[in-house]
Amino acid sequence: MSPQQPDLFTFNQKHLLGLADYSADEIRYVLEQAKTFREVLDRPVPKVPTLRDKTIVNLFYESSTRTRLSFELAQKRMGADVVNFSASTSSTKKGESLKDTIRNISSMKIDMVVSRHESPGVPHFLTRCVDAAIINAGDGAHEHPTQALLDMFTMQQIYPDLKGKKIAIIGDISHSRVVRSNLIGLKKLGADIVVCGPKSLMPIFVENLGVSVSHNLEETLAWCDIAMALRIQMERIGGGTDLFPSLREYHETFGIKMSHLEKYPDFTIMHPGPINRGVEMESDVADSDRAVILDQVTNGVAVRMAVLYLLSGGARV
Ligand code: CP
């Protein structure tokens, strides 16, 4: 299959648990479909009835702004019936297990589940509990596949072919599910990748994933076409604040600054959000015309519409 001939390609995935399970052709196909939905979002009435016979639950055990709202918006733009589950206001608080929770929800005739959970492997567990299609919206430090898909979609708006493009991912590489999904997806599309950050936030053997490692921000920014900064995942580090001396010192060494934009005029800045302004980048950098951070958010709705469309059986747009 080539992206120019999407009609010749059969998409056979039932779930989206991680990009590790998707081939390069399947990733390209999702991104190709997302272009159509991106155009839908620019229409005066940005709606299609594609999912009007589907019921979807957004099962969120962990905090979210972008992922949760963009999934809900995508579902509503496509006419689905949507119910939202939030662990903090549910019977989870009374001791109900995840298995009982999902089986009870499934009894209400649910077609698809969008799952975010702090534990790696929860979406895989859900596939063994219910028949619904499962979409991973982030499972611990494991994968966040729709984030990586929207990141790649945004990169393709600048560089339609990512083969050989120089992508730097900067920050907390050890604890990030976003970096894991991006490394898997970008490698499949042929990008050259450097991960950059302090040794204490770099997984051992990360080179085995086919990426280069740098601890030098200046060299990395001088090299790259795109620099994606990542938040330090404090919620996964726990008490491990000894991993770096202080946030101020981290910013001094690995934060992107306005002076970098002047010195290296070509690279584009991305960030999956949420941003900690003044840590991974200066506030003015996030708001500069070199950043496509809000484009990532807009594209997230289109990419999630494409994923929902394909996993629902792919009716016509
Ligand atoms: N990028 C991302 O997953 O953001 P949220 O945690 O707000 O969903």
Side-chain angles (χ1 to χ4, degrees), residues 16-19 30-31 34 56-77 82 84-89 112-123 134-155 157 167 169-186 195 197 201 226-237 256 268-277 279-281 285-287 291-308:
L16 175 56
L17 306 180
L19 292 190
V30 175
L31 296 174
I56 306 175
V57 60
N58 296 315
L59 188 76
F60 276 64
Y61 278 82
E62 207 188 52
S63 305
S64 170
T65 298
R66 280 147 290 272
T67 311
R68 181 176 176 148
L69 291 183
S70 69
F71 263 115
E72 187 174 344
L73 204 53
Q75 293 151 3
K76 289 180 171 169
R77 295 270 190 253
V82 182
N84 290 307
F85 168 94
S86 177
S88 60
T89 54
M112 307 177 91
V113 179
V114 177
S115 160
R116 171 169 285 197
H117 201 285
E118 62 271 20
S119 298
V122 160
I134 308 294
I135 300 173
N136 182 3
D139 61 330
H142 176 230
E143 277 225 40
H144 192 351
T146 58
Q147 178 67 47
L149 287 166
L150 75 87
D151 292 336
M152 289 186 278
F153 184 90
T154 306
M155 291 175 194
Q157 288 180 320
I167 315 294
I169 306 181
I170 300 158
D172 180 1
I173 308 300
S174 280
H175 304 96
S176 169
R177 57 193 173 207
V178 173
V179 77
R180 189 181 299 266
S181 289
N182 263 295
L183 294 189
I184 294 167
L186 285 166
V195 288
L201 295 176
I226 291 175
M228 183 190 297
L230 300 175
R231 184 174 65 87
I232 298 171
Q233 310 281 314
M234 298 304 273
E235 70 275 26
R236 291 185 206 129
I237 293 175
I256 303 175
T268 300
I269 297 152
M270 297 178 66
H271 194 304
I275 302 171
N276 288 137
R277 289 172 183 260
V279 181
E280 51 266 30
M281 62 183 70
V285 170
D287 296 331
V292 293
I293 297 167
L294 294 179
D295 295 331
Q296 291 173 260
V297 179
T298 307
N299 293 335
V301 180
V303 164
R304 286 168 177 132
M305 288 171 85
V307 169
L308 291 163

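Fair warning: this is a prediction, and the values are worked out from it, not measured in the lab. Just the heavy atoms: all of them, side chains too, but no hydrogens, waters or symmetry mates, feed the values below. As the structure lists them, so they are numbered: ligands from 1, and atoms in each ligand from 1.
Looking at D172 and S174, their side chains come closer than 4.5 Å, going by heavy atoms from C-beta outward.
Between the side chains of R231 and H271, no donor-acceptor pair is found at a separation under 3.5 Å.
Residue V114 comes nearest to Q75 through the heavy atom pair CG2-NE2, 3.6 Å, listed as atom of the first residue, atom of the second, then distance. Looking at every heavy atom in both residues, E143 comes nearest to L17 through CB-O, 4.3 Å.
The side-chain hydrogen bond (donor to acceptor under 3.5 Å, both in side chains) with E72 is formed by just one residue from the set T67, N58, N84; it is N84.
At least one donor-acceptor pair closer than 3.5 Å links the side chain of S176 to the backbone N or O of V179.
Using a 4.0 Å heavy-atom criterion, the residues that approach ligand 1 are S64, T65, R66, T67, R116, H144, Q147, P272, G273.
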